[in-house]
Amino acid sequence: MSTEYRFSFGPWNISEGADPFGPPVRPTIEFSKKLASYKKLGFEGVQFHDDDAVPDVDSKSAAELERAAKELKKVLDGEGLVPEFVAPRLWEDPRGIDGGFTANCPDVRKWAIDRTKRAVDIASYLGTNLMVLWLAREGTYIRESKNAIQAYQYQIDAINQLLEHNPEIHLAIEPKPNEPTDQAYVPTIGHALAVAYRTVDPNRVGGLIETAHARLAGLDASDEMAFALSMDKLWSVHLNDQNGMKYDQDKTFGAVDLRSAYNQVRVLELGGYPQTGRFIGLDVKAMRTQKADVAERHLANSKTIFLRLVEKVRSFPKDVERQCIEARDYEALEMAVIEHLMGK
Ligand code: XUL
Ligand code: MN
């Protein structure tokens with residue numbers, strides 16, 4: 001069984017530095033150039049939004065969609081890269097302004113399902129059976145604008161249609177409690193897996209945990225991962241870091257809270273994650289202040305920190321852990337962890 005980790009990221013993780021208060025500050029990097037960076041940075045897996053893979057998803061004919069996706073597949077094969085998942089980017093389309101699956105307008109709900117079926121087709125042409133659903137605008141800005149009870153049924157109906165569209169596809173829901181909406185309908189992995197178990201094929205619905213999203217919900221990312229792992233439902237991760245409960249920061253993994261990062265790695269090790277062959281996805285963003293020639297450091301650094309923490313988890317003295325637990329001396333256990341992290 002492999003104890004080696006496989007790493008992935010999405011092309012959006014190499015960015016121009018725009019934020020809500022200012023424009024891009026770095027030149028745009030062509031998609032093909034981004035793909036060429038993967039191997040150089042030590043990554044094997046590519047995470048795609050549907051329109052990262054095939055631009056203008058909605059306006060293409062089925063044949064055009066297939067041709068474009070299959071061309072990309074050849075490029076990936078040529079670069080020695082593996083497509084990890086495809087995720088529908090419903091939140092950027094004006095039709096999805098008030099959500100897709102939970103929109104009040106039936107035409108919008110139909111569009112959202114049709115568009116996501118196209119994303120499923122792209123995944124299958126690229127050769128992956130994994131789709132990630134970040135339910136970005138499936139929520140509200142004010143509670144009175146939607147019927148929240150009905151919204152859960154709409155989401156289950158949409159997922160059922162996707163499962164029926166392709167018998168191979170597996171859906172990993174990526175929970176996030178807020179942003180862009182004030183309140184999302186699926187804020188935690190508990191919500192996501194409860195929805196999963198109400199679908200027509202619960203075996204094909206699981207989750208992806210993002211560190212920052214768990215912290216925005218006031219939760220511990222390692223416990224969110226443990227919950228999913230305990231049900232064999234952790235199908236990918238978006239490791240990053242987050243300084244408190246504010247806007248989604250996507251900072252370098254371990255850069256804010258090294259102890260929490262250690263515990264996320266520990267739970268992945270305890271849960272046998274590397275043996276599953278699934279990817280360690282890094283959903284990290286370069287600081288806006290970073291100059292163009294060093295704007296990929298956050299990816300390489302996140303991977304290095306992750307691997308250093310794997311060494312730390314594996315080398316933690318098991319006898320000390322056992323003795324402290326037996327004696328119920330958690331002060332001693334905590335000090336041993338801190339000393340181990342500080343290199344003593
Ligand atoms: C949003 C987020 C997205 C998803 C992919 O906060 O994390 O990048 O991971 O759709
Ligand atoms: Mn993410």
Side-chain angles (χ1 to χ4, degrees), residues 7-20 34 43 45-54 57 83-93 96 99-101 112 115-116 118-120 122-123 126 128 130-139 155 158-159 162 170-189 191-192 206-217 219 221 224-225 228 234-253 261 264 278-286 298-299 302 306:
F7 294 90
S8 62
F9 68 88
W12 66 89
N13 295 116
I14 299 176
S15 67
E16 295 86 5
D19 72 14
K34 288 186 183 180
F43 288 75
V46 188
Q47 307 185 332
F48 289 101
H49 290 121
D50 51 0
D51 54 2
D52 293 321
V54 179
V57 177
E84 184 195 0
F85 67 67
V86 176
R89 185 144 40 195
L90 301 181
W91 58 91
E92 281 187 6
D93 192 293
F101 306 143
R115 161 81 183 247
T116 308
R118 289 182 151 234
V120 170
I122 293 173
L126 291 183
T128 174
L130 187 63
M131 161 160 288
V132 166
L133 291 180
W134 169 47
L135 300 163
R137 295 191 195 275
E138 313 305 347
Q155 290 175 103
I159 289 172
L162 300 170
H170 286 59
L171 306 170
I173 300 174
E174 178 179 353
K176 183 178 180 182
N178 62 282
E179 202 197 55
T181 59
D182 176 50
Q183 201 71 40
Y185 288 131
V186 181
T188 71
I189 191 67
H191 290 75
L208 173 156
I209 308 286
E210 172 162 329
T211 316
H213 297 181
R215 198 156 301 148
L216 286 170
L219 295 169
E224 291 283 275
M225 289 176 195
L234 189 64
W235 295 351
S236 189
V237 289
H238 268 172
L239 300 186
N240 55 27
D241 217 338
Q242 171 74 26
N243 190 8
M245 292 168 83
K246 44 190 161 192
Y247 65 96
D248 187 7
Q249 295 185 302
D250 297 341
K251 283 167 138 345
T252 290
F253 180 60
Q264 290 167 64
R278 296 188 184 281
F279 282 91
I280 295 295
L282 292 160
D283 198 2
V284 287
K285 192 184 282 172
H298 58 303
L299 288 157
S302 292
F306 180 91

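Every number for a ligand or one of its atoms is a count from 1 in the order of the listing.
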So how far is it from [X] [atom1] to [Y] [atom2], rounded to the nearest 0.5 Å?
X	Y	atom1	atom2	answer
Glu210	Arg215	CD	CZ	11.0 Å
Asp248	Asp283	CG	CG	7.5 Å
Arg115	Leu90	CZ	CG	6.0 Å
His298	Ile14	NE2	CD1	7.0 Å

Within the 4.0 Å heavy-atom shell around [X], which atoms of ligand 1 are there?
X	result
Lys176	6 (O)
Asp248	6 (O)
His238	9 (O)
Trp12	8 (O)
Trp91	10 (O)

**OP:** From atom 4 (C) of ligand 1, work out which of Arg89, Glu174, Glu179 has a heavy atom at the shortest distance.
**Re:** Glu174
Original post:
If we ignore angles and hydrogens, is there a donor and acceptor under 3.5 Å between the side chains of Asp250 and Asn240?
Top reply: yes
Min side-chain heavy-atom separation [X]-[Y] under 4.5 Å:
X	Y	answer
His213	Pro175	no
Ile173	Ile159	yes
His49	Trp91	yes
His238	Leu208	yes

Subject >> Any His213 heavy atom less than 4.0 Å from ligand 1 >> reply: yes
Original post:
If you measure from each heavy atom of His49 to ligand 1, is any distance below 4.0 Å?
Top reply: yes
Subject >> Structural part of Glu210 in contact with ligand 1, heavy atom criterion under 4.0 angstrom >> reply: side chain
Original post:
What orientation do Phe43 and Phe9 show, parallel under 30°, tilted 30 to 60°, or perpendicular over 60°?
Top reply: perpendicular
Original post:
Using the ring of each side chain (for Trp, its six-membered ring), is Phe306 parallel, tilted or perpendicular to Phe253, with breaks at 30° and 60°?
Top reply: tilted
**OP:** Please list, in chain and residue-number order, the protein N/O/S atoms closer than 2.8 Å to the Mn ion (ligand 2).
**Re:** Glu174 OE2, Glu210 OE1, His238 ND1, Asp283 OD2
Original post:
Tell me: protein heavy atom nearest atom 8 (O) of ligand 1, and distance?
Top reply: Asp283 OD2, 3.2 Å
